Amino acid sequence: EDNIPAGSTPSNLTLKTMSKVYRQIIDGEIKSVLGNRNGGLPDNHPDKMNYNQLINIEYQDGAKMLTVGGVIYNNHQTGNYSSANFSALNFMSETHEEFKIDVPKLTYRELNRLESLFPDNINIETGEIIDPNATPLDIDNFSDIIPLRDIKKYSKVYRYFPIFAESNL
């Protein structure tokens, strides 16, 4: 209760908007701990610690999920932080705006079939099949088997999509 941001109302605390409140709580806690850690250090002190949020990702594959992450660094590491050029990443978010991942509904078999086509035979930006004749798979009716909307969704996240392995021991 003590961590709920000032100005929050019951309308902010719904399933649809709760992730924004959670991100504010996380951000506030990190800044509070760093404020205590930094004590009375002046802003330009080389040992003063800073926090910058790098990701604010929201997705739903059943339950609604939120992933917030960032980097903590000392003032003397500011050059390293700047040269990392995190802002070039398309999923980067330093603000309250979420990067929303629209998770495709695919079976493991469909995922494996799609994986065999990336990145050479499916356009990463559009999800369109580039050259059906260039792949050994029979994909004449590929978009009938896997809906094009799911191919497009997956093409946007396939580089970051978790891979699972199942085995019997």
Side-chain angles (χ1 to χ4, degrees), residues 1-106 108 111-112 114-115 117-120 122-127 149-167:
E1 194 174 292
D2 294 338
N3 294 327
I4 295 176
S8 294
T9 64
S11 64
N12 297 104
L13 305 176
T14 66
L15 285 177
K16 188 173 184 173
T17 59
M18 193 64 153
S19 61
K20 290 187 187 312
V21 174
Y22 285 148
R23 192 209 62 84
Q24 285 180 299
I25 291 170
I26 293 166
D27 192 62
E29 279 299 301
I30 292 169
K31 288 179 178 173
S32 172
V33 169
L34 286 181
N36 290 336
R37 166 27 185 101
N38 288 330
L41 292 176
D43 285 345
N44 62 352
H45 193 282
D47 292 330
K48 182 179 180 196
M49 298 189 84
N50 305 286
Y51 166 73
N52 280 22
Q53 176 185 293
L54 296 179
I55 59 171
N56 181 14
I57 299 174
E58 190 177 291
Y59 62 96
Q60 185 168 347
D61 60 354
K64 192 172 184 180
M65 305 296 281
L66 171 69
T67 302
V68 177
V71 64
I72 296 173
Y73 59 96
N74 292 327
N75 274 345
H76 70 273
Q77 297 169 315
T78 300
N80 294 344
Y81 174 79
S82 298
S83 67
N85 196 22
F86 291 113
S87 61
L89 301 169
N90 69 332
F91 55 85
M92 164 84 170
S93 175
E94 293 181 298
T95 68
H96 67 280
E97 292 300 319
E98 306 94 0
F99 178 81
K100 293 188 187 248
I101 297 175
D102 195 2
V103 180
K105 293 178 177 36
L106 300 168
Y108 288 120
L111 282 171
N112 287 335
L114 280 175
E115 282 292 326
L117 297 173
F118 280 98
D120 298 328
I122 293 184
N123 183 306
I124 296 169
E125 300 300 319
T126 66
R149 72 178 176 278
D150 286 333
I151 296 171
K152 287 180 179 184
K153 286 179 188 179
Y154 186 68
S155 70
K156 292 178 182 175
V157 298
Y158 91 98
R159 291 182 190 171
Y160 318 108
F161 207 81
I163 297 174
F164 302 96
E166 188 174 316
S167 66

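The structure presented is a predicted model; accordingly, all values stated were derived computationally and were not measured.
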Item to complete: Compare every heavy atom of L34 with every heavy atom of N50, then report the nearest pair and how far apart it is.
Response: C-CD1, 3.8 Å
Worksheet item: Taking the side chain as C-beta and beyond, is there a heavy-atom pair between E98 and K20 under 4.5 Å?
Response: yes
Worksheet, complete the sentence: Output for pair (F91 CZ, T67 OG1), nearest 0.5 Å, gives 11.5 Å
Discussion item. Just so I know, are the side chains of M18 and K64 near enough to count as touching, which here means a heavy-atom distance under 4.5 Å?
Written reply: no
Item to complete: Check side-chain contact (heavy atoms from CB on, under 4.5 Å) between N85 and all other residues, then give those that pass, not counting sequence neighbours.
Response: S87, A88
Worksheet item: Once you round to the nearest 0.5 Å, how far does CD of Q60 lie from CD1 of I101?
Response: 12.5 Å
Worksheet item: Has the side chain of S82 got a donor or acceptor atom that lies under 3.5 Å from a matching backbone atom of G79?
Response: no
Practice prompt. Please confirm whether the backbone N or O of E29 pairs with a side-chain atom of S32, one donor and one acceptor, at under 3.5 Å?
Written response: no
Worksheet item: Which atom names give the shortest non-hydrogen contact between D150 and P104, and what distance separates them?
Response: O-CB, 3.7 Å
Worksheet item: What closest approach, in Å, do L111 and Y154 show between heavy atoms, and which atom pair accounts for it?
Response: CD2-CE1, 3.4 Å
Discussion item. Nearest 0.5 Å, please: how far is CD1 in I72 from CD1 in I30?
Written reply: 6.0 Å
Worksheet, complete the sentence: Note: Q53 and M92 closest approach over all heavy atoms is O-CE, 4.3 Å
Worksheet item: For the residue pair N74 and M49, what are the closest heavy atoms and their distance?
Response: OD1-CG, 3.1 Å
Worksheet item: Does the E94 side chain pair with the main chain of N52, one donor and one acceptor, at a distance under 3.5 Å?
Response: no
Discussion item. Quick test of your reading: applying side-chain hydrogen bond (donor to acceptor under 3.5 Å, both in side chains), list the pairs with at least one residue in residues 37-48, sequence neighbours left out, ordered by first then second residue.
Written reply: D43-K48
Discussion item. Please list all pairs meeting ring pair (Phe, Tyr, Trp, His ring centres under 6.0 Å) that have one or both residues in residues 47-82, counting only residues at least two apart or in different chains.
Written reply: Y73-Y81, Y81-F86
Worksheet, complete the sentence: Looking only at heavy atoms, the pair that brings E97 and N56 closest together is O-ND2, 3.5 Å
